[in-house]
Number of protein chains: 2
Amino acid sequence: MFQRYSKQREVVYNVLCQTKTHPTVDWVHEEAKKVLPEIGIATVYRNLRELVKHGMAKVVLTPDNKEHFDADMTQHPHFICKSCGCVMDVTTQGHTNIAQKGFVVESCDTTFFGTCPQCAN
Amino acid sequence: MFQRYSKQREVVYNVLCQTKTHPTVDWVHEEAKKVLPEIGIATVYRNLRELVKHGMAKVVLTPDNKEHFDADMTQHPHFICKSCGCVMDVTTQGHTNIAQKGFVVESCDTTFFGTCPQCAN
DNA sequence: ATTATAATGATAATCAATATCACTTATCCA
DNA sequence: TGGATAAGTGATATTGATTATCATTATAAT
């Protein structure tokens, strides 16, 4: 998978796996420093990218143009709050149940990723 | 809606309405310059933001960290190609029909926007 | 243990997006 | 109709998230 083991990558991945808050790079960096005080922000960026590339994490883009990361690779929708900016998992199905949990839904975007017909040829 | 009319805003909105390519700011700027050669990039940014704020356009964030814009406010999913980066509308329902049109779907993200339970109180 | 090179950490560079500000122009109203 | 007011513009500086660079460190094969 990876060419070599590194303590930094292990810590970055552990930090990401142990939270459900869909953190930003900076948050992961702060948490990782509690274990490896010398770890640099570039290393956190690099390893998060690598994890995404290897299918071990996903990027969640928020309207404030920041990347959030999620190590939960099961297919599941997210909820982004326009007030506090938090990113949360949505485990129920459809608007009705979300509303019952207290979420006020204003809109919903669905995006498919892959290869378009032109490029597939 | 807007406090004053401006030719620039009209042109920006017309450009956006007349395409289905979900263009970037730069593309809208280039098109707008064909009508108003003096229009500045800041004005295009400003007016696209205003259109979004007033519910006349939507932002589509792509994995290359660029904003694309869409004046089609009906609820519809998008397809983003990892090869050419294009953003396309998906009019059919479910993976099967998309696949039949030649799209190779690798993943799908759904995001709800609104106010979370904590902020709603 | 030696060697090759992947990975790191500090920091410079990039670039999309935003803020600033002097100037222009749409709209109001006397 | 013409001047006043302030919204809107255009040029450009600034910001800030992300990426690139490169000397150094550390993994893993021999």
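Naming: A, B, ... by sequence-line order, numbering from 1 per chain. Computed over heavy atoms, backbone and side chain alike; hydrogens, waters and symmetry mates excluded.
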Would you kindly give the CG-to-P distance between B:Asn47 and C:dA17, to the nearest whole Å?
16 Å
Is the number of heavy atoms from other residues, nucleotides or ligands within 6.0 Å of CD (A:Glu106) greater than 12?
yes
Is the backbone of A:Ile39 close enough, under 3.5 Å, to the side chain of A:His29 for a donor and an acceptor to pair up by distance?
yes
Taking atom NZ of A:Lys33 as the centre, report whether more than 12 heavy atoms of other residues, nucleotides or ligands fall under 6.0 Å from it.
yes
Just how far, in rounded Å, is C1' of D:dT9 from CZ of B:Phe2?
15 Å
Here the distance between atom C1' of C:dA7 and atom CD of A:Glu38, to the nearest Å, is 16 Å
A:Ile39 CD1 - D:dT25 P separation (whole Å)
17 Å
Rounded to the Å, how far apart are A:Lys7 NZ and D:dA26 P?
14 Å
Quick one: B:His29 NE2 to D:dT12 P, roughly how many Å, whole number?
13 Å
Test question: given the 4.5 Å side-chain rule for I, L, V, M, F, W and Y, name all other residues clustered with B:Phe113, or answer none.
A:Val60, A:Ile80, A:Val87
B:Leu48 atom CG is separated from C:dA16 atom C1', nearest whole Å, by 14 Å
Does the pair A:Asp109/B:Lys58 count as a salt bridge with the N-to-O cut at 4.0 Å?
yes
D:dA26, OP1 or OP2 - any side-chain N/O from A:Arg4 closer than 4.0 Å?
no
Whole-Å distance separating the CZ atom of B:Arg9 from the P atom of D:dA7:
12 Å
Of the listed nucleotides C:dT8, C:dA6, D:dG10, the one nearest the side chain of B:Thr43
D:dG10
Would you say a side-chain N or O of B:Gln8 is under 4.0 Å from OP1 or OP2 of D:dG10?
yes
Which is more 5' along DNA chain D, the nucleotide nearest B:Ser6 or the one nearest A:Gln3? Just name the residue.
B:Ser6
Which other residues end up in the same hydrophobic cluster as A:Met73, if Ile, Leu, Val, Met, Phe, Trp and Tyr are linked when side-chain heavy atoms come under 4.5 Å apart?
none
Give the B/S/- string for nucleotides 16-24 of chain D, one per nucleotide from 5' to 3', where a protein heavy atom under 4.0 Å of the base yields B, of only the sugar-phosphate yields S, and otherwise -.
-SBBBB---
A:Glu67/A:Arg49 salt bridge by N-O under 4.0 Å criterion
yes
